[in-house]
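Inspection log for the structure reproduced underneath, given as structure tokens.
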Amino acid sequence: MRWSKFFIPTLREDPSEAEVISHKLLLRAGMIRKLASGIYNFLPLGFRALKKIENIVRQEMDSAGALEILMPLVQPAELWQETGRWNDYGKELLRFKDRKDHDFCLGPTHEEVVTDIVRRDVKSYKDLPLILYQIAVKFRDEIRPRFGIMRAREFIMKDAYSFDADWDGLDKSYQLMYETYQKIFSNCGLKFKAVEAHTGAIGGDVSHEFMVLAETGEDVLAFCEKCGYASNIELTPAVSGEKYSFESEKPLEKVYTPGVRTAQEVAEFLGLPVSKITKTLIYILNEEEAVAVCVRGDHEVNEVKLEKLFSGKSFRMANEEEVRKIVGASPGFIGPKNLKIKVIADKALEGYPNFVIGANEDDYHYINANLGSTFKPDLVADIRKATEGDLCPKCGEPLQFTRGIEVGHIFKLGTKYSESMKATFLDKDGKMKPFIMGCYGIGVSRVLAATIEQNHDENGIIFPWQIAPFQIAVLYLKEDFKENAEKVYKRLSQRWDVILDDRAERPGVKFKDLDLIGIPVQVIFGKNYEKNRKIEVKIRKTGERKYVSPEELENFINRFENEKD
RNA sequence: CGGGGCGUAGCUCAGCCUGGUAGAGCUCCGGCUUCGGGAGCCGGAUGUCGCAGGUUCGAAUCCUGUCGCCCCGACCA
């Protein structure tokens, strides 16, 4: 491709609408443009990168035996009513009516549609297992779209669905997809980790997320280097590595703590470590019952764990007014002693001697509180987030933590959809049984954003070779070299995706643009070519410059391609 | 949906408080010089000041309403 015939509207300055690095760079590199909130155009360069990712996904899915299909974005309400999700899904599901006043929605996911396909035409265990997938546009009317294509409303997703005759079959399909995902993300050239995950609204019990490791990731992962355990921190059991040294119980004492509310403030005021303070939070269950949740000041409540504890009840934190009504004190002075509501204490408080609690009276705390003698919780459970210093729940080694961006999620669904939609087949034993299903998603457009979050520097994007929209850029800094540069361009193009920067621009502009759009290898006809016929090869990632003769060039790049990483 | 902020040229933003000819830099077009890290000089193009209403002799500026966008919280690939 010749740059002069292509369309790469690069921007010098960061657009004001962009906050995160991938969003800024995608806009600046002329890869995407916003059409509306959470809705983006992919320009030629961005679309090329997207297609590279799609093709890697497609190739691995195909070789795993999954079959590609294409399902409609627009879906009839009837299907969603069958599974109850027409009501359950919430406002993320964009609903509308057609001219005949029939209800439709834009598909945020395709369990209903794919289950419908299968129940119509798959009748026998002999047709199983079956894995269907598509790479298609999804629409979720996110409450708050942000970070460009990282969390868009309209986005590209690869979604796959497996159908098996029994649970063993599902295990096999799940394992197959797990391995396929490992291959896909490796082939994309990404550093990633598969972690145990929370199943959320999709349902089912086992699930893994695939996380691209990046400082800017929204998720925190806990992992163990020794045994390989890894989970989303939402799920990680908190196993304290701290041994509470024996300390005899001191007498409970009420202290005046005017205006000090946060655990940090209380700690400073009393001259104690934050860990000695406890926080008590009030939650409202099903809009009817209040419960108190008590954790150490240096710990954080894990709402996913609470969700499990409250088994399906909706819950939220009480607001300040409600707290005052329930407790009789302001937030910041709440404590578990003498509360009229249920108290759930975190496990870390067991055996923890002489800590501080709110007195349920404004401007007062108690010091030297002890679980058991000061108050008796209705329940002691693991309700906090695992943190630095905690131990691996599998092998007891210290856990490590890192941030990541969720790009893939696989679930064992079981019969949730097949049962509610009466999707059954005739098994060996002559009985009608519901399909055992799994579902497997990859946020294809999000992979592009995550790639950039993981691979960039102050000059721009650094694309991994495998998904770079162009792998090689050829540029010449003098018209005299044009002819030779063209020859090299044509030769390299037979094997790789090459862009020839044939613009009548100054060298600085070309260098800046090439660095910005992240082409891994720059082939430069410049000073060295003039002096001694050596072509300069600049490696975007490392900034290394090598000088090779035209004859060696192809081998050099070939070697680079094989050695990269 | 709650809280905060912003809508002025293609982009980044000034002007608004204190009403009176709509601006700068970059981009874009033409010319000359320049040519290894977003060049210099000369000339030029570009705006319903988000939209609607109101106040006023006069509104980008003040008032009301409305729409859009961004950031913080709950969601997820």
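Predicted model only: the values in this text are computed from it and were never measured. Just so we're on the same page: letters track the sequence lines, and every chain starts at 1.
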Is there a side-chain polar atom (N or O) of [X] under 4.0 Å from OP1 or OP2 of [N]?
X	N	answer
A:Arg144	B:A74	no
A:Lys138	B:C76	no
A:Thr10	B:G38	no
A:Arg146	B:G73	yes
A:Ser445	B:A77	no

Using Watson-Crick or G-U wobble geometry with both distances below 3.5 Å, tell me the partner of [N], or none.
N	result
B:G73	B:C1
B:G43	B:C29
B:C57	B:G20
B:C49	none
B:C6	B:G68
B:G37	none

Once you round it to whole Å, what is the distance between [atom2] of [N] and [atom1] of [X]?
X	N	atom1	atom2	value
A:Leu11	B:C26	CG	C1'	10 Å
A:Tyr40	B:C70	OH	C1'	10 Å
A:Arg151	B:A74	CZ	C1'	11 Å
A:Glu142	B:C1	CD	P	16 Å
A:Phe210	B:C76	CZ	P	19 Å
A:Arg33	B:C69	CZ	C1'	16 Å

Near-ring test A:Phe7/A:Phe47, centroid separation under 6.0 angstrom: no
Do A:His208 and A:Tyr178 have ring centres separated by under 6.0 Å? yes
Quick one: do [X] and [Y] make a salt bridge, cutoff under 4.0 Å?
X	Y	value
A:Lys538	A:Glu544	no
A:Glu303	A:Lys305	no
A:Arg545	A:Glu536	yes
A:Arg384	A:Glu300	no
A:Lys478	A:Asp480	no

Nearest listed nucleotide, side chain of [X], among [options]:
X	options	result
A:Phe147	B:C72, B:G38, B:U12	B:C72
A:Leu516	B:C75, B:C70, B:G38	B:G38
A:Ile143	B:A74, B:C69, B:C76	B:A74

For a quick check, tell me whether the side chain of [X] and the base of [N] share a donor-acceptor pair closer than 3.5 Å.
X	N	value
A:Glu13	B:G25	yes
A:Arg28	B:G38	yes
A:Asn459	B:G37	no
A:Arg140	B:C75	no

Work out how far the C1' atom of B:C49 is from that of B:G7, and round it to whole angstrom. 9 Å
Select base, sugar-phosphate, or nothing to describe what A:Lys34 touches, counting heavy atoms under 4.0 Å on all strands. sugar-phosphate
Please classify the nucleic acid contact of A:Asp159 as base, sugar-phosphate, or nothing, using heavy-atom distances under 4.0 Å. nothing
Measure from NZ or CZ of A:Lys482 to the centre of the six-membered ring of A:Tyr476 and say whether it is under 6.0 Å with the direction within 45° of the ring axis. no
B/S/- along nucleotides 30-36 of chain B (protein heavy atoms under 4.0 Å) is ----BBB
